[in-house]
Amino acid sequence: MDYQHKAIEEKWQKFWADNHTFRVDNTSEKPKYYILDMFPYPSGAGLHVGHPLGYIASDIFARYKRLKGFNVLHPMGYDSFGLPAEQYAIQTGQHPAVTTAANIERYREQLDNIGFSFDWEREVRTSDPAFYKWTQWIFTQLFDAWYNKANDRAEPIATLIAHVETNGSNGLLAVSDEDTAIFTAAQWASFSEEQQQRELLKYRLAYLRESTVNWCPALGTVLANDEVVNGVSERGGYPVVQKKMMQWSMRITAYAERLLNGLDTVDWPDPLVEMQRNWIGKSIGASVRFTVPSLGDDQYIEVFTTRVDTIYGVNALVLAPENELVNQLTTPGQRAEVDAYVAQTKKKSELDRMADVKAVSGAFTGCYVVHPLTAKTIPIWIADYVLAGYGTGAVMAVPSGDQRDYLFSTHFGLPIIPISDAQQLDGQADATKEGRYINSGIINGLTYLEAVDVLVAELESIGAGKATINYRMRDAIFGRQRYWGEPVPVYFKDGLPQLIEEGELPLILPEVDKYLPTESGEPPLGRAKGWKYRDTFEYELSTMPGWAGSSWYWYRYMDAHNAGEFASREAVNYWKAVDLYIGGSEHATGHLLYSRFWNKFLKDMGYVPEEEPFKKLINQGMIQGRSNFVYRVLDAEGKGTNTFVSHGLKDQYATVALHVDVNIVSNDTLDLDSFRQFRPDFVDADFILENGKYHCGHEVEKMSKSKYNVVNPDDIIEQYGADTLRMYEMFLGPLEQSKPWNTNGIEGVYKFLRKLWRLFHDGQGNFSVSDESSSKAELKALHKIIKKVEEDIERFSFNTSVSAFMICVNELTDLKCNKRGILHDLCIVLHPYAPHITEELWTLLGNEPGKLSYATYPAFNPDYLVESEFAYPISVNGKMRMNLPLSLSLEPADVEQAVLANEDVQRYLEGKSIRKVIVVKGRIVNIVV
RNA sequence: GCUCGGGUGGUGAAAUUGGUAGACACGCAAGACUUAAAAUCUUGUUCGCCUUAAAGCGAGUGCGGGUUCGAUUCCCGCCCCGAGUACCA
């Protein structure tokens, strides 16, 4: 029998499922290893060949780790709440739960076809109430917690209450809103319950606050900062505007420093670490207060600066047009101008504002501040180059040291004061920190390093400023005005949010008649009939954002069916953290940051043991589409004819390029019969061929239906089998690299598997192996691959292993090797890559079915690779000339002698004098003449 | 603009510590088997020159320079492509 991939793969997939081969226990004598994939959102389109790339890599790694004696946790699940299902529900009226379940079923079928070794008994779905019960529970924990800066950790809100009851707000070091009250213990006691709760809300890690949010009118919801890309929504690309709204938020900023420091302890790709650093955006500087006498002597504007040393060069204070103070600052005389400018800014979308970086604009408020060190008056301006969302939404303008301030000042004719003797102000600002200060009061003559300390000390002593660290990262908005998400487990009593009792979780997502906002503009949950807490209190009508479930799901896999806890203490302490996480880099600032945040919180509360959840992380590259084109010949009027010209001849005609389904193209050659059936109007298409073939053009684009370049793994598996698909996806190139999918070349992998099959079979297709002992050459081929695969997998270089397997099988074929001992070990080594065929062959060898997954990876013996001779490359002046086989026992001096004595070598040296001979034992000989 | 990747045959790529550049595949060409096709196998395939052939010569890892006996690999400058980010004070 030939290699029958279909029968073999169906047989073993069924066997694995029936025998629970990949069921894993939470206890074991073996060391544990946790391999996690980023779980998919089950979209209606199903999987294309790009999706499983990372799953194949992680599956190879998981299977390899099992062979290496590890107890491996390798689960899979679905991130099944999300916008697309809801948009589909709005269009079709179908419940998102129904379409989601159907999509999951389809995904599961496709995943099963590939032969993954997931423990499906641990599957999770974020939209399952048994799962989101614990997402809601974590929310309640966050609500009931505050961040104590004194201990640098989150604590239960009870410790905060205890503090204020005895000390008031005195000595409280907490991360909080800015408008917290100052009170004594007695005052606290005198507060009404409502006042106390209002105050506590300013400290809770999950809190409700009026904040400026990214509102997306088209989606009818707010979006987190990471869901807004270039001023439009990440999903759908709809415009986003800033709007003030009462919103649930997560105090992730409390963890900014720990999120930053933790990056030094994880083994992640550099670009990803860099992206998180930038997102957190730590800058060290100073905050400075400028008093505003016209508003009163105790009124001030605070600015943040990283260059406090330039403070004597300030010529204006510039506020963001959105800054809340603008209205009160503006004098009657400037009112019209300022209002016009504010209105004009509001009209500009964020996109326009970014595109318009070069154009300088602004308006004078008519108001002045006092410089804290010189007591000079300084005008207050507004300009859109100052962002409301960063720092305090106000800057001190120093035109000599900052290019934006320079352009602003020259445009409006404000004075430019040089502040350093090293500054070169020829038409632009000079941000140098070199030289010594001039025109700078108390720091005249000092260097940069000296000046900063002097200034900060002075500002602190007069109460006008202090050293400050500023973060770009904002607290994360945690509510969405949408239906298909976890309900927030909160009801309102007297306008104050209250948690639902833990025993009453989960708060089930109610049914609604339509998935649209109510007539009064409430979120869809406002449509739920009779949906009230204890039939009395209004529930929160927002749902949680998409990232809620994915911020802790890896713990649920550890103990997926636990009804009493998110995961048992034993399970969490056994599996601890994810050892290897594989997924796309598109989650760099969203999922991976929120997950680390929740993990740190859960650790602070004593629920999990590790500070960082993902020890090692690999980003698989994106698989792009590779489109094929046919060229339709145009007639004299420029209209399309029914004639198509091959790519190489298209320049001789007027043509228009059309996408053609890549599945009817093989090695860029079009299948003409399939093409005639591709579209009805192609039925009697004519072709202008090259050498009897129609060659298509090609281009790399996004993989999408409209470009006819989507390749479904099911089709590949039907034709070549899952083992071929797995190996070919790896063979395509380095895992981390993005590359277009091209089915050209898959034949090579398929041929390899058939060649492997033939090693075990005679010419008639009968199973035939020999029990004779193995030859030296056979053992060498085997042990080369044992070593190579081990090294390759450990450094995630899966593509090079596939080549090595091909070399190995080619060598064994040349040796006509059918020795049981060699083939037995080869099955184990290849098994992670091609699990089905190796299970079959391993069973044919007489082993117990199914035990291959837990076999022992063969031990590498270097003795089999030892050579007595080496064909030394002989180069002359660094140019390789010939090979000369010599014994490896020869020392460099003997090698030199042997080489120079050789006739063929002498031919290259004729008439030249030898200056030097370099001999690297076992490597190379280089003769310098 | 800044940050990080990357640039090697017709194509995907390999070269792990500075040591034979192009392994392994695809494609292509020629051949064997076959009535034929498929499958399989064999040979060739970086480019240029020379040659009936064997062989030989020269160039070659984006470009220019440097270090070294020796550079795809290290250093300096430049060009191009991709990703991220962008008025962050």
Side-chain angles (χ1 to χ4, degrees), chain A residues 2 229-230 269-275 277-279 281-283 285 303-307 310 318 320 353-354 356-358 360 383-387 389-398 401-405 407-408 431 470-472 585-586 588-589 619 621-622 624 667-669 691 698 700 728 731-734 736-740 742-749 751-752 754-755 758 763 788 791-792 794-795 797 799-808 810 813 871-883 915-920 922-929:
Chain A
D2 265 358
V229 177
N230 291 333
D270 290 341
L272 207 136
V273 169
E274 199 55 31
M275 271 190 248
R277 280 216 180 92
N278 289 341
W279 188 261
K282 179 182 184 177
S283 28
V303 300
F304 174 76
T305 175
T306 54
R307 289 296 303 274
T310 64
V318 186
R353 227 163 123 168
M354 278 191 273
D356 225 16
V357 170
K358 295 246 159 56
V360 178
D384 65 4
Y385 79 90
V386 178
L387 304 177
Y390 184 75
T392 59
V395 302
M396 57 180 216
V398 182
D402 182 288
Q403 185 60 21
R404 292 156 304 175
D405 297 340
L407 291 172
F408 183 78
N470 195 47
Y471 298 93
R472 193 184 84 112
S585 59
E586 66 272 22
T589 49
N619 287 133
M622 245 217 318
Q624 298 143 304
N667 276 312
D668 292 337
T669 301
N691 305 325
H698 63 88
V700 174
Y728 185 61
F731 189 60
L732 230 38
E736 297 92 328
Q737 215 166 85
S738 285
K739 55 229 158 202
N742 188 347
T743 311
N744 299 355
I746 197 166
E747 290 281 350
V749 172
K751 273 188 211 162
F752 156 77
R754 278 183 303 188
K755 220 165 161 180
R758 282 201 302 273
K788 175 77 175 155
E791 285 171 357
D792 283 352
E794 303 276 358
R795 67 191 173 103
S797 175
N799 54 324
T800 48
S801 287
V802 180
S803 311
F805 281 123
M806 290 172 172
I807 293 170
C808 178
N810 287 345
T813 302
Y872 276 93
I874 312 298
S875 46
V876 178
N877 286 346
K879 185 119 199 106
M880 217 289 272
R881 290 302 177 183
M882 57 177 286
N883 285 98
R915 279 182 43 208
K916 199 172 172 186
V917 179
I918 283 122
V919 178
V920 182
R923 284 253 187 225
I924 201 168
V925 176
N926 190 17
I927 303 166
V928 187
V929 298

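Convention: sequence-line order gives letters A, B, ...; per-chain numbering from 1.
Nucleotides B:U8 and B:C2 are separated by 29 Å at their C1' atoms, to the nearest Å. A gap of 27 Å separates the P atoms of B:G12 and B:G18, to the nearest Å. As rounded to the nearest Å, B:G62 and B:G9 have P atoms that lie 8 Å from one another. Look at the C1' atom in both B:G82 and B:C88: the space between them is 26 Å, to the nearest Å. Between B:U73 and B:G19, the distance separating the two C1' atoms is 11 Å to the nearest Å. Using P as the reference atom, B:C75 and B:A23 are 28 Å apart when rounded to the nearest Å. Comparing the P positions of B:U43 and B:C50 gives an interatomic distance of 29 Å, to the nearest angstrom. Annotation: B:G64 and B:A15 have their P atoms spaced 26 Å apart (nearest Å).
Side chains of A:Val802 and A:Tyr728 form no contact here, defined as non-hydrogen atoms less than 4.5 Å apart.
The backbone N or O of A:Ala431 sits less than 3.5 Å from a side-chain atom of A:Arg307, completing a donor-acceptor pair. Under the 3.5 Å distance criterion, the side-chain polar atoms of A:Tyr471 are left unmatched by any main-chain donor or acceptor of A:Ser283. Formation of a donor-acceptor pair under 3.5 Å by the A:Asn926 side chain with backbone atoms of A:Gly878 is found in this model. Of the possible polar contacts, one joining the A:Asn744 side chain to the A:Asn667 backbone as a donor-acceptor pair under 3.5 Å is found. In this structure, the side chain of A:Lys739 engages the main chain of A:Pro734 through a donor-acceptor pair within 3.5 Å. Using modelled atom types, one side-chain atom of A:Arg472 and one backbone atom of A:Asn278 make a donor-acceptor pair closer than 3.5 Å. For A:Ser875 (side chain) and A:Val925 (main-chain N/O), a donor-acceptor pair under 3.5 Å exists by modelled atom type. Side chain of A:Asp402 to backbone of A:Arg404: a donor-acceptor contact under 3.5 angstrom is found.
Regarding contacts with the backbone of B:U3, every side-chain N or O of A:Arg277 stays at 4.0 angstrom or more from both OP1 and OP2. Close to B:A39, at under 4.0 Å from its OP1 or OP2, lies no side-chain N or O of A:Arg754. For A:Arg472 and B:U85, the shortest distance from a side-chain N or O to OP1 or OP2 is not below 4.0 Å. The side chain of A:Asn667 contributes an N or O atom lying less than 4.0 Å from OP1 or OP2 of B:G27.
Residues passing the ring-ring contact (aromatic ring centres under 6.0 Å, His included) test with A:Phe805 are A:Tyr833, sequence neighbours excluded. Applying the side-chain contact (heavy atoms from CB on, under 4.5 Å) rule to A:Gln403 yields the partners A:Tyr406, A:Leu407, A:Gln428, A:Ala429; only residues at least two apart in sequence or on another chain are considered.
Residue A:Arg915 places its CZ atom among 12 or fewer non-hydrogen atoms of other residues, nucleotides or ligands, all under 6.0 Å distant. Atom CZ of A:Arg277 sits in a crowded spot, with more than 12 heavy atoms from other residues, nucleotides or ligands closer than 6.0 Å. Around atom CE of A:Met622, no more than 12 heavy atoms belonging to other residues, nucleotides or ligands sit under 6.0 Å away.
The two atoms that bring A:Leu272 and A:Ala588 nearest to each other are CG-CB, 4.1 Å, heavy atoms only.
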Can you give the dot-bracket line for RNA chain B, using ( ) for pairs inside the strand, [ ] for pairs that cross earlier ones, | for pairs with another strand and . for unpaired bases, where Watson-Crick and G-U count if both distances are under 3.5 Å?
(((((((..(((......[....)))((((((.......))))))((((......))))..(((((..]....))))))))))))....

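Taking atom CG on A:Leu387 and atom C1' on B:A86, their separation rounds to 10 Å, with Å as the unit. Counting to the nearest Å, the C1' atom of B:C81 and the CD atom of A:Gln624 are 12 Å from each other. Residue A:Arg307 contributes atom CZ, which lies 11 Å from atom C1' of B:A89 at whole-angstrom precision. In this structure, NE2 of A:His698 is placed 13 Å from P of B:G10, rounded to the nearest angstrom. Here B:A21 presents its P atom at 13 Å from CZ of A:Arg923, a figure rounded to the nearest Å. Counting to the nearest Å, the C1' atom of B:G84 and the CG atom of A:Leu272 are 10 Å from each other. Rounded to an integer number of Å, the gap from CE of A:Met880 to C1' of B:A21 is 10 Å. Here B:U85 presents its C1' atom at 9 Å from CE of A:Met275, a figure rounded to the nearest Å.
Among the protein residues, A:Asn810 comes within range of the sugar-phosphate backbone only, with heavy atoms under 4.0 Å from sugar or phosphate atoms but none that close to a base. Across all strands, A:Arg881 comes closer than 4.0 Å only to sugar-phosphate atoms, never to a base (heavy-atom distances).
Considering only the side chain of A:Glu274, B:U3 comes nearest among B:A89, B:C87, B:U3. Of the listed nucleotides (B:U20, B:C87, B:A23), B:A23 has the atom at the smallest distance from the side chain of A:Ile807.
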Atom pairs, N/O to N/O, protein against nucleotides 65-75 of chain B, distance under 3.5 Å?
from	atom 1	to	atom 2	distance (Å)
B:C69	O2'	A:Asn926	ND2	3.0
B:C69	O2	A:Asn926	ND2	2.7

Quick test: give all pairs of protein nitrogen or oxygen and nucleotides 12-16 of chain B nitrogen or oxygen below 3.5 Å, distance rounded to 0.1 Å.
from	atom 1	to	atom 2	distance (Å)
B:G12	O2'	A:Leu732	O	2.7
B:A13	OP1	A:Gln737	OE1	3.2
B:A14	OP1	A:Asn799	ND2	2.8
B:U16	N3	A:Arg795	NH2	3.4
B:U16	O4	A:Lys788	NZ	2.3

Every protein N/O within reach of nucleotides 41-43 of chain B N/O, cut-off under 3.5 Å:
from	atom 1	to	atom 2	distance (Å)
B:C41	OP1	A:Arg758	NH2	3.3

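Between A:Asp270 and A:Asp402, the residue whose closest nucleotide on RNA chain B is further toward the 5' end is A:Asp270.
Side chains of A:Asn810 and A:Lys755: a donor-acceptor N/O pair is present below 3.5 angstrom, by distance only.
For B:G9, the base is syn relative to its sugar; the glycosidic angle is within 90° of 0.
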